[in-house]
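Everything numeric here is computed off the predicted structure, so don't read it as measured data. Computation of the quantities below employed the complete heavy-atom set of this structure, encompassing side-chain atoms and omitting hydrogens, waters and symmetry-equivalent molecules.
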Amino acid sequence: MTANGSPYAPHTDTETESMLSAVGADSEEALFDIPDGVRFDGAFGIDPRSEQAVRRLVDRRLDENDDLTEFLGRGHYDHYVPSMVDALSARSEFLTSYTQYQPEVAQGFLQALFEYQSMLVELTGLDVANCSMYDAATALGEAATLATRVRETSGTVVLVPESLQTGCRDTLENYVAGHDLAIETYPMDDGNVDRDALTERVGEETVLVYAENPTIRGTIEEHLDAVGRLTDEHDALFVLGSDPVALALLEEPAAVGADVVVGDAATLGLPAAYGTGLGLFACREEFLRQVPGRLVGASEDETDRRAYTLTLQTREQHIRRERATSNICTNQAWVALRTAMHVAWLGPDGLVDLAEDCVTRARDLADRLDDLRGVKAPVHDRHHFREFVVHTDQPAPAVAEDLEDIGYAVHVVGDHQIQVCVTETNETDVGGFVTAFQEAAR
């Protein structure tokens with residue numbers, strides 16, 4: 001115990017006064033510029049309530065939410081999460097665990113994270129995967145800064161599809177602002193990469209080309225190998241966006257020349273949260289010492305038993321400070337744990353079956369919608385994964401509003417375009433959705 005009576009505030013009054021004098025401050029409060037509007041005045045202004053009264057209040061507020069069946073996607077996907085994942089991940093050993101700096105007391109969690117990394121390596125065909133990033137957007141941003149460190153190039157241009165989500169674009173702009181990089185876009189052709197236009201845009205100034213499979217509009221890219229060859233010819237980094245379910249079925253990123261794979265791994269392990277994510281990040285072994293975030297490695301202890309530990313930590317901010325490979329100094333370990341549990345529960349065959357269902361469900365629903373008057377589905381003459389874009393003769397916002405009144409939520413992506421996503425969690429509502437769409441699209 002310290003002089004102040006708390007192990008969490010170790011400075012004595014004398015030490016505190018000495019430090020304040022050194023910086024020319026009269027008090028600790030003087031170190032902070034807190035606007036009056038948000039400064040705590042000693043009272044919260046909240047009337048006291050009993051627990052029962054609080055529960056009633058919360059229930060009333062929740063009852064005000066719309067009860068909608070979601071056919072939403074565009075980066076947030078709702079797959080069935082088995083109860084086993086909730087039960088095991090909620091164990092105190094996992095739920096209360098902090099960063100696994102002490103391997104002697106964290107072997108279980110470290111092994112689970114090692115398994116997560118191993119699963120991503122197998123799915124991507126690449127050599128290295130980290131413990132996780134915050135989300136898909138930060139993973140893409142980290143890939144851009146990695147590109148400036150691993151390639152002998154004077155390039156400053158990051159090429160992304162014109163259809164890149166606004167949130168990802170905003171995050172990427174924040175990342176490149178401090179690295180003298182510029183973001184440029186390339187057009188899409190019927191939902192996929194316009195290869196001719198991309199060829200014209202890739203040049204000596206290109207440091208990175210980003211593509212997605214499936215794309216944000218649900219189309220499956222058919223010529224990723226051409227993108228890989230093009231980027232390699234110009235000594236640029238080829239970064240591919242995907243997710244664990246799609247990776248189980250679609251072309252292996254390593255086979256088409258991808259240097260880095262990013263995306264949201266929380267498509268498994270979490271329901272659609274529209275916030276909390278799990279950024280996956282995998283790359284070639286030659287980039288090992290430039291990988292952002294944490295890595296779990298396998299070794300042996302003094303009795304020759306297999307043991308796990310955080311490895312190559314000298315890359316990280318808590319050790320290398322301003323010379324670190326990344327300013328990210330934490331990860332989404334608990335979410336990664338849930339994803340690993342979900343993948344293990346599915347197994348290789350179950351994961352492929354789920355991925356195949358993502359193709360057939362989207363195709364079948366598009367066929368049913370296409371039979372409706374005033375509707376064309378899908379808009380793009382491509383294969384689709386989970387989702388697709390629908391043309392409506394009626395204005396799309398009006399159609400979406402009518403669908404919402406009936407009880408269904410969809411994305412409006414154009415004046416006459418709506419995007420629809422179907423998975424195993426809403427497939428039982430497809431019949432009612434088609435009937436409602438027919439009424440709304442008249």
Side-chain angles (χ1 to χ4, degrees), residues 71-77 123-124 135-137 139-140 143 158-169 171-172 183-199 201-202 208-228 230-231 238-253 255-258 260-265 267 272 277 279-280 355-356 358-363 365-366 376-391 410-414 417-423:
F71 283 80
L72 302 171
R74 294 185 63 80
H76 299 280
Y77 304 110
L123 287 168
T124 62
D135 53 23
L140 176 57
V158 174
L159 278 174
V160 299
E162 62 183 7
S163 57
L164 183 65
Q165 278 185 299
T166 302
C168 286
R169 175 66 183 260
T171 301
L172 182 59
I183 303 172
E184 296 183 4
T185 62
Y186 60 84
M188 308 296 280
D189 176 23
D190 196 24
N192 284 7
V193 174
D194 186 330
R195 287 181 292 158
D196 292 336
L198 180 61
T199 301
R201 282 167 168 74
V202 175
L208 179 150
V209 175
Y210 175 64
E212 296 176 328
N213 193 33
T215 69
I216 194 62
R217 291 168 74 90
T219 60
I220 297 174
E221 281 287 356
E222 300 167 3
H223 301 289
L224 288 171
D225 54 343
V227 179
L230 180 63
T231 55
F238 177 23
V239 178
L240 182 63
S242 193
D243 69 77
V245 181
L247 288 169
L249 182 65
L250 305 184
E251 288 182 288
E252 184 183 84
V256 297
V260 179
V261 174
V262 299
D264 192 347
T267 51
L280 71 87
E356 289 177 341
C358 288
V359 175
T360 57
R361 288 191 188 100
R363 183 188 61 217
L365 178 54
K376 180 182 184 301
V379 166
H380 303 300
D381 187 19
R382 307 284 189 183
H383 296 290
H384 290 76
F385 196 89
R386 288 197 197 94
E387 56 193 329
F388 53 91
V389 177
V390 181
H391 170 85
V410 294
H411 287 290
V412 175
V413 295
Q417 290 187 346
I418 284 172
Q419 190 157 333
V420 174
C421 179
V422 57
T423 70

* Quick one: closest heavy-atom pair of Y186 and V209, and the distance? => CE2-CG1, 4.4 Å

* Structure fact -> Rounding to 0.5 Å, atoms OH (Y77) and OG1 (T267) come to a distance of 9.0 Å

* To do: Not counting sequence neighbours, which residues clear side-chain hydrogen bond (donor to acceptor under 3.5 Å, both in side chains) with D189? List them please.
  => none

* Measure the shortest side-chain to side-chain distance between R386 and D243 over non-hydrogen atoms and say whether it is less than 4.5 angstrom. => yes

* Structure fact -> Sorted by chain and number, sequence neighbours left out, ring-ring contact (aromatic ring centres under 6.0 Å, His included) with H76 holds for Y274

* **Close side-chain approach of Y210 to L164, heavy-atom, < 4.5 Å** => yes

* **Heavy-atom side-chain proximity of V202 to T231 below 4.5 angstrom** => no

* Sequence neighbours left out, what passes salt bridge (charged side-chain N to carboxylate O under 4.0 Å, His left out) with D135? Give chain and number order. => none

* Taking only residues two or more places apart in sequence, or in another chain, which ones meet P378 in a side chain to side chain contact (heavy atoms under 4.5 Å, CB included)? -> A366, H384, F388

* Asked: To the nearest 0.5 Å, what is the distance between CG (L247) and CG (L280)?
  -> 7.0 Å

* Asked: Do the side chains of D190 and D381 get nearer than 4.5 Å, heavy atoms only?
  -> yes

* Asked: Looking at CG of L240 and CG of L224, how far apart are the two atoms once the value is rounded to the nearest 0.5 Å?
  -> 5.5 Å

* Which heavy-atom pair separates A355 from L249 by the least distance, and what is that distance? -> CB-CB, 3.6 Å

* **Interatomic spacing from OG1 in T185 to CZ in R201 - rounded to 0.5 Å** => 6.5 Å

* To do: Identify the heavy atoms of A139 and V262 that sit nearest to each other, and give their distance.
  => O-CG1, 3.5 Å

* Return yes if some donor-acceptor pair links the side-chain N/O of S242 with the main-chain N/O of N213 below 3.5 Å, else return no. => yes

* With sequence neighbours excluded, tell me which residues meet side chain to side chain contact (heavy atoms under 4.5 Å, CB included) with H391. => K376, V379, D393, H416

* Heavy atoms only: give me the nearest L72-V410 pair and the separation to one decimal. => CD2-C, 3.4 Å

* To do: Please identify each residue that fulfils salt bridge (charged side-chain N to carboxylate O under 4.0 Å, His left out) with D194, with sequence neighbours left out.
  => none

* Asked: Once you round to the nearest 0.5 Å, how far does CD1 of I183 lie from CG of L172?
  -> 3.5 Å

* To do: Show the numbers, then the answer: is there a side-chain contact (heavy atoms from CB on, under 4.5 Å) between T171 and L140?
  => CA-CA 8 Å; T171 301; L140 176 57; over 6 Å; no

* Structure fact -> side chain to side chain contact (heavy atoms under 4.5 Å, CB included) filter on A136, not counting sequence neighbours, yields D264

* Quick one: side-chain hydrogen bond (donor to acceptor under 3.5 Å, both in side chains) partners of R195, sequence neighbours excluded? -> none

* To do: Write down the atom of A137, the atom of G167, and the distance for their closest heavy-atom approach.
  => CB-O, 4.4 Å

* Does the side-chain contact (heavy atoms from CB on, under 4.5 Å) test come out yes or no for V256 and V227, once each step is laid out? -> CA-CA 8 Å; V256 297; V227 179; over 6 Å; no

* **Listed partners of S163 passing side chain to side chain contact (heavy atoms under 4.5 Å, CB included), at least two apart** => P161, M188, I216

* What residues, two or more places apart in sequence or in another chain, satisfy side-chain hydrogen bond (donor to acceptor under 3.5 Å, both in side chains) together with R74? -> Q419

* **Min side-chain heavy-atom separation L365-V420 under 4.5 Å** => yes

* salt bridge (Lys or Arg N to Asp or Glu O under 4.0 Å): which pairs involve residues 214-223, sequence neighbours left out? -> E222-R382

* Inter-residue atom distance R363.CZ - F385.CZ, 0.5 Å rounding -> 13.0 Å

* Structure fact -> Applying side-chain hydrogen bond (donor to acceptor under 3.5 Å, both in side chains) to N192 and not counting sequence neighbours gives T219

